[in-house]
Structures are given as C-alpha cells and as structure tokens.
Amino acid sequence: IKLTSSLAGVTFANPLLNAAGVHCATPTELDEVLASAAGGVVTKSATLAPRDGNVRPRFQALPLGSINSMGLPNQGFDAYLAYACAHQQAATAPVILSLAGLSLADDLAMLRRVQESDFTGLVELNLSCPNVPGKPQVAYDFAAVTRVLDQAFQFFTKRLGIKLPPYLDLAQFDALAAILNRYPLAYVNAINSLGNGLVIDPLTERPVIRPKGGFGGIGGAYVKPTALANVRAWRQRLNPTIGIIGTGGVRTGTDVFEHLLCGADLVQVGTALATEGPAIFARLTRELTAVMATKGYQTLADFRGKLQVR
Ligand SMILES: O=C(O)c1[nH]c(=O)[nH]c(=O)c1I
C-alpha cells in the first residue's frame with residue numbers, strides 16, 4: 001500500500017499535514033511536525049511584520065472541536081520564508097509557506113518577495129482569516145478575490161494555492177469557480193474554520209474566549225460535513241489542473257479517507273493536532289492504511305474523488 005501524493009508537481013510521501021495555524025508558529029513547532037509521520041508541514045500564516053495577535057484566552061478545545069480567535073499571531077514573513085528556504089535546501093519533506101497579508105498591498109508585497117526568493121515550493125495565500133478585528137474575510141468578497149488574483153498573477157509564476165472559508169450555497173461555488181478557473185492556481189484549500197461561532201460557559205455566563213466578544217472560528221467534528229461538501233463541490237467545478245487540499249474535521253483515518261474520496265489530493269489536520277500533538281500523524285497514516293487494506297486499495301488514486309452518487 002502506497003500513500004504517496006502529489007500537488008502541483010510537489011511530491012508528498014503521504015497526504016497528511018498540519019493545518020496552517022496549528023503547531024506551526026515557531027521553528028521548533030515546524031521541526032516537530034517534520035520529525036513526525038506527517039507528509040509535510042505548512043507555516044502559520046505570515047503577515048509582513050511580526051504580530052502578537054489577540055488577547056487571551058483565544059483558543060478553547062471542546063468535546064466536538066474547537067473555537068479560536070488567535071488574531072494572526074506570527075513571527076513575521078521573513079522568519080517563515082527563511083525557514084522554508086532552509087528546508088528546501090535540506091530537502092526535507094515539503095514546507096508550504098502560508099501568507100495572510102492585512103491588505104492587498106501586503107499580500108502582493110509578500111508574493112513579490114517569494115517570487116524573488118529561492119523558494120520554489122507551494123505558497124498558500126490565506127484569503128479566509130475570520131479573526132482580525134475590523135478585517136472582513138477577502139474570500140466572501142468575490143470582487144476582492146478577483147483583484148488579488150489578477151494582480152498576483154501579473155508577476156507570480158511559482159506555485160500558488162489559496163485557503164478558502166466554508167461556503168454554504170451552491171450558487172457561491174458556481175460563481176467563485178467561474179472566477180478561479182481563469183487563473184493558473186496550484187490548488188485550493190478547503191476549508192478554513194467556520195467563522196464567528198460563539199461558545200458559552202453556562203456556569204460563568206461568559207463566552208469561553210475573550211476576543212471579539214467570544215466570536216471565533218469553529219473547527220473539529222462540528223465542521224466535517226461542511227468541509228467534505230466544500231472539497232466535493234470544488235472538485236466537481238474546478239479545472240483538473242487545480243489541486244485540492246481538504247481540511248476540516250479530520251480526527252481518524254476514516255476521516256482522511258472521506259476527504260480523499262471527495263477529491264482531496266492532500267489532507268490537513270487542525271483541531272485534532274492541537275489536542276493530540278504531532279504523534280497523531282503516525283496514528284492517522286496507520287488508520288488510513290488499514291482502511292485501504294480492508295477495501296483492497298493499493299494507492300490513493302484507486303479511490304480519490306470516486307465518491308459514488310446515490
Ligand atoms: O485567528 C487566526 O490567526 C486564524 N484563525 C483561523 O481559524 N483561521 C485563520 O486563517 C487565522 I489567520
């Protein structure tokens with residue numbers, strides 16, 4: 001049984017990575033994911049300048065998932081570009097560089113820096129951060145998405161993916177796919193957290209996190225049906241040249257299998273990684289292998305995107 005997968009010409013020994021934002025803000029955390037059974041690692045979304053992020057408590061694990069309003073805390077673009085270039089030199093498992101500018105200008109400035117750098121790996125432009133106060137998500141504004149992609153592809157010739165939020169209406173998938181299919185995108189990553197949920201502690205009669213009146217992105221089991229639907233909807237609508245990373249609600253090998261069945265090329269783990277740590281990747285590869293063995297599949301291509309219709 002082989003778990004190898006590739007995305008935009010980059011080969012992964014297995015399809016599993018962390019989700020941007022989880023266990024990836026420092027070189028130590030990034031190294032721990034690379035040292036684990038993960039097939040690769042993605043950096044915390046970078047802003048041009050380092051950021052402290054929102055006030056604490058800003059993350060809460062829950063029985064069915066998690067809520068977070070981190071507010072984009074990160075070491076800054078230079079730190080993550082340096083890490084990505086160093087690990088490209090060392091030929092480790094692939095490092096995906098995630099970017100989340102606070103403005104279109106910042107997005108373009110960081111993309112120009114990557115274009116001029118030695119980094120030739122995958123770049124993930126995060127258009128779906130729900131937690132920066134006062135900053136509406138780009139990805140729910142289709143004109144803004146068109147602007148950033150128009151301007152980026154004027155000069156960017158490397159491998160560019162975008163991180164999308166969950167969409168909840170088929171007309172949105174139709175409209176946005178018509179836009180995305182115009183660009184030489186490496187992939188779309190679906191989904192980011194389900195934005196602006198509210199989790200309350202009935203004992204204290206307060207929200208469980210402090211920023212934004214307790215409003216934060218929801219992850220984990222809560223979002224798996226929405227994540228699978230987004231992966232499937234993009235696979236059905238996007239050019240085959242545009243790959244898909246499936247993110248959302250992955251806790252077991254069966255969850256990984258389901259994302260692949262819906263069409264994912266790679267699968268990312270957020271909430272479950274936050275609670276279990278990088279050892280989860282050994283468990284998930286073992287469990288995925290077991291699912292494939294039971295079903296008689298030898299490679300991911302044997303079943304990727306082959307969800308049957310009823
Ligand atoms: O609050 C965050 O840092 C954050 N949290 C999320 O759940 N998704 C994101 O894209 C980001 I940039």
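All residue numbers refer to positions in the sequence shown, counting from 1. Counting starts at 1 for both ligands and their atoms, following the listed order.
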Worksheet, complete the sentence: Under 4.0 Å between heavy atoms, the region of Asn126 that gets near ligand 1 turns out to be side chain
Worksheet item: Is it the side chain, the backbone, both or neither of Lys44 that has a heavy atom closer than 4.0 Å to ligand 1?
Response: side chain
Item to complete: Could you verify whether a donor N or O on one side chain and an acceptor N or O on the other, from Gln88 and Asp118, lie under 3.5 Å apart?
Response: no
Discussion item. Between the side chains of Lys44 and Glu29, is the shortest nitrogen-to-carboxylate-oxygen separation below 4.0 Å, so that they form an ion pair?
Written reply: no
Discussion item. Check contact between Gly217 and ligand 1, using heavy atoms of the residue and a distance below 4.0 angstrom.
Written reply: no
Worksheet item: Looking at Tyr167 and Asn230, what are the two nearest heavy atoms and their distance?
Response: N-OD1, 2.9 Å
Worksheet item: Just wondering, do Thr47 and Asp106 contact through their side chains at under 4.5 Å, heavy atoms?
Response: no
Worksheet item: Is it the case that one hydrophobic cluster holds both Val33 and Leu81, taking links as side-chain heavy atoms less than 4.5 Å apart, direct or via other members?
Response: yes
Worksheet item: Hey, does Ala100 come in under 3.5 Å of ligand 1, counting only N/O atoms on both sides?
Response: no
Worksheet item: Just wondering, more than 12 heavy atoms not from Asp169 lying within 6.0 Å of its CG?
Response: yes
Worksheet item: What is the closest protein heavy atom to atom 8 (N) of ligand 1, and at what distance does it sit?
Response: Asn192 OD1, 2.8 Å
Discussion item. Just to be sure I read this right, does ligand 1 sit under 4.0 Å from the backbone of Asn68, its side chain, both, or neither, counting only heavy atoms?
Written reply: side chain
Worksheet item: Under 4.0 angstrom from ligand 1, any heavy atom of Pro130?
Response: yes
Discussion item. Once you restrict to heavy atoms under 4.0 Å, what part of Leu72 touches ligand 1? Side chain, backbone, both or neither.
Written reply: both
Response to the item:
Looking only at protein heavy atoms, what sits closest to atom 11 (C) of ligand 1 is Cys129 SG, 3.2 Å
Practice prompt. Kindly indicate whether a cation-pi arrangement holds for Arg113 with Phe77, taking the cut-offs as under 6.0 Å to the six-membered ring centre and within 45° of the axis.
Written response: no
Worksheet item: Using heavy atoms and a threshold below 4.0 Å, how should the contact between Ala20 and ligand 1 be classified: side chain, backbone, both, or neither?
Response: neither
Fill in: Close N or O approach (Pro73, ligand 1; < 3.5 Å)
no
Worksheet item: For ligand 1, is Gly71 a contact, meaning one of its heavy atoms is under 4.0 Å away?
Response: yes
Worksheet item: Within the structure, does Ser69 bring an N/O atom to less than 3.5 angstrom of an N/O atom in ligand 1?
Response: no
Worksheet item: Are Phe142 and Ile191 connected in the hydrophobic side-chain network, where two residues link if heavy atoms are under 4.5 Å apart?
Response: no
Worksheet item: Do the rings of Phe153 and Tyr183 sit parallel, tilted or perpendicular, given the 30° and 60° boundaries?
Response: parallel
Worksheet item: With a cut-off of 4.0 Å, which atoms of ligand 1 are near a heavy atom of Asn131?
Response: 1 (O), 2 (C), 4 (C), 5 (N), 6 (C), 7 (O)
